Amino acid sequence: MSRRPFFKFRLYIAGEAPNSALAVANLLALCRTHLPDRHEIDIIDVLREPKLALVNSIFMTPTLIRLAPAPVVRIVGTLSQTDVVLHALGLETVAA
Amino acid sequence: MSSAGPFPPGDPAGEIPRLIETLLATERRLVELTAGEVDAVAGRDGRTFLLQGAQEQLRQSEAAWQAAILDALPAHIALVDAQGGIISVNEAWQRFGRSGGLISQRQAEGVNYLAICDGAEGPDRNDAWAAAAGIRAVLAGTVRDFSIEYPSHSPSGPGWFLLMVTPLKNAHVHGAVVMHVDITGRKRAEAVLQESEKRFRALFDQAAVGVAQTDAVTGRYLQVNRHFCEIVGRGPDEMKRITFADITHPQDMAESRDVVDRLRAGTIREYTQEKRYVKAGRADVWARVTISAMWTAGDQPDFFIVVAQDITQRKQLEGQLRQAHKMEAIGTLAGGIAHDFNNILAAIGGYTELARMKLTDNPAVRGHLDSVIQTVKRAADLVRQILAFSREQPLDRRLIRLQPVVTECVAFLRATLPASIQLDLEVAESAPAVLADETQVLQVLMNLGTNARQALGDRPGRIHVQVEDCVVDEAHATAQPRLHPGRYACVSVSDTGAGMDPETLRRIFEPFFTTKAPGKGTGLGLAVVHGIMDSHDGLITVSSQPGEGTVFHLYFPAHGAEAAQIPPVATTGPRGHGERVLLVDDEKLLIELLRMALGELGYAVEAVTQPDAALELVRAAPARFALVITDQAMPGMTGLQLAAELRQIRPDLPVILMTGHSLTITLERVKAIGIAQLLLKPITTHSLGAAVHAALSGQPLASHVSNPPY
């Protein structure tokens, strides 16, 4: 139990643009299924806060950043291909 | 377009189209590389470029948001450009347009709103023009915003709208939001409220009782109706500056304050009291006041409602009634005492007179006895006055005209007045004849005249006596409970003397109430006047103010018939010739006195102390007696009862009734029973002689009093 890590995400989106909306929905669903009670999501709208995107060198939205556990992982896109996303986030073995 | 060519001046080589092509190609490639999963890309400087799909979506969603908000509003909203052309309208506007309102087209966009207003016709034309002027002013920037309320006569029914115009601007005004809000409901509520307020106001103002609203904390009058102002004798403006404490009578202040404290504390919700208000410059007014606390919330009432009813007249009547009861009680008491006292006086006077008759050779003792007789006379006078007041004195009412009586009295008064006092007489010959005892009327006038003279004191002044023909109407009669509507002979006696304060005025008719120094007055004068007027079914009223003099009014009810002078019965000193007289009285002392007096007068006397014994004597020998003299008040049987019994035995036997009291029955009734003469105590040899002579010689029934000898 103590080995199961806590996930911190930051998702950069562009307002209510279609891909961004899809990414938000996919991330929420993924966390609900695979990381109940051990995740935290911070959503940043680059249309409202472009400077925050600049600090993190985000030049495409939507972009998901896994801040914890280390190392930092970046995934660009709608997060629709769940298997690929889970693999990239290192969650496939847990799910199995 | 510029005539120089298809490209802007800064790009003569036509580079712009190529750059746009590159831009579009770049965007297409970015979408391709990101598999269409990216909405925006950002440069190193942080600038964000939305890709095609995201741009479209965002523009649509923003427009949808705005439209949703506008459509959700119940107001009819249109955005107009700087020229008044309609850019966009919300759902409510379209619905209103569809229902045939201000804009008849389903699609209002493109129509010039100002042109519609300018071209308006019909009853709403002026409002439409005013709206156009307001919109133009907003668009021109001369006003910040504009609003107007106007009635609408649209086919959907009459109603009211509020038009509000606010500018659309950034650096300068480039359009306006024109909004119509349906305020029909509010207007109707206002109208209903106004109507209700009007009704309430009418009710409040026209109420037959005084109504006031006062501040619960300060006690100030917030609202007063017309009637309340009338009751307290102050105007509505003055009322709003004062509190209840300013007009409450000092003697009612404690109760009023206590009531207000309890209402404020909430221990009572309502209270009714009878209190006096101080009326500016006039007599206090009595009111029945109900005060109620009105609460909504909080620990203090919001205000008080005061309902007041003028009961001054009722209070006055109550006062008069109380006074009348009091006088009646005192009269009964005084009459009772006077009756006993009369018997004692009769004994003293009678025996003294007998002693004096027997005494022929001692002038000194005769002088002493004369003094006793004089003193008895004064005592008898006093008793007569008390009896007059208590209405116990026998009345000899005849139909007379007051004019000669008053004239005679004034002539007598004038002789006694100093030159500094002017005495006027004014006589209305039309004043009606009245049923009155002339002697008593004279006594009334003399008493009032003497009082007037004393009120003037040593100062020069004026006494005015007047006889009037007076008709009392319903209103006047209502104010005076003892005065009935009808015609009266009214005698008034007024003086310009010192006058009286209200406290004195209240008590002047009480017996033994006097303002004179001890020994200077009996306090009976006006009490006697009051009693005499009562016994004449008349009324005496008085009004006076300190320093303003006093006026008395005597009301004698008119008698239907014309005055007829009946000559007074002449009395001499007749003597008997041995006629047998039966004397009946339970008081042995009086019997002895009368036996001696009758003997002196030449009659033969038999006396009994029991009425039954008298009946037996007459029954045994009906012809034995020429006359029966009986006292009225005896144990077992009254004189009247005895007379009735005697009448059964011998109807022609004359009976003289002696009484110290006047009778509670009429002379007619006395006559019907068969009483020949009335003999009133105190009895003197003279009155006794006159009565016996009259009875024996069959003269008409009369009262024999002891006035002449004393």
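What you see is a predicted model; the values in this text were computed from it and never measured. Chain letters run A, B, ... following the sequence lines, proteins first, then strands; residues in each count from 1.
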[X] atom [atom1], neighbour heavy-atom count above 12 within 6.0 Å:
X	atom1	value
A/His87	NE2	no
B/Asp299	CG	no
A/Lys8	NZ	no
B/Trp129	CH2	yes
B/Arg186	CZ	yes
B/Glu149	CD	yes
B/Phe146	CZ	yes
B/Glu62	CD	no

**Message:** So for B/Leu51, is it side chain, backbone, both, or neither that comes closer than 4.5 Å to the heavy atoms of chain A?
**Reply:** neither
**Message:** Any donor-acceptor pair under 3.5 Å linking the side-chain atoms of B/Asp39 with those of A/Thr61?
**Reply:**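 No, because no side-chain N or O of A/Thr61 sits under 3.5 Å from a partner of the opposite role on B/Asp39.
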**Rounded distance [0.5 Å steps], OG1 in B/Thr48 versus CZ in A/Arg48** =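 B/Thr48 atom OG1 to A/Arg48 atom CZ measures 13.0 Å (nearest 0.5 Å).
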**Message:** Rounded at 0.5 Å granularity, tell me how far CE in A/Met60 sits from CZ in B/Phe49.
**Reply:**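 A/Met60 CE to B/Phe49 CZ: 14.5 Å, rounded to 0.5 Å.
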**Item:** Winner by heavy-atom pair count (cut-off under 4.5 Å) against chain B, out of A/Pro18, A/Ala21, A/Ala14
**Value:**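 Heavy-atom pair counts peak at A/Pro18.
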**Request:** Let me know if A/Leu79 has heavy atoms under 4.5 Å from chain B in its side chain, its backbone, both or neither.
**Result:**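 Only the backbone of A/Leu79 comes within 4.5 Å of chain B.
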**Asked** For A/Leu22, is it the side chain, the backbone, both, or neither that has a heavy atom closer than 4.5 Å to a heavy atom of chain B?
**Response** neither
**Prompt:** Looking at side-chain heavy atoms only, is the closest gap between A/Leu47 and B/Leu50 below 4.5 Å?
**Reply:**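 Contact flag for A/Leu47/B/Leu50 side chains = yes.
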**Prompt:** Of the non-hydrogen atoms in A/Thr78 and B/Glu37, which two are nearest, and what is the gap between them?
**Reply:**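 Distance-wise, the nearest heavy atoms are N-OE1, 2.6 Å.
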**Asked** Any donor and acceptor pair, going by atom type alone, linking the side chain of B/Gln57 with main-chain N or O of A/Ala17 inside 3.5 Å?
**Response** no
**Message:** Please identify, among B/Ala54, B/Gly36, B/Ala40, the residue contributing the most non-hydrogen atom pairs under 4.5 Å to chain A.
**Reply:**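 Most pairs with chain A among the choices: B/Ala40.
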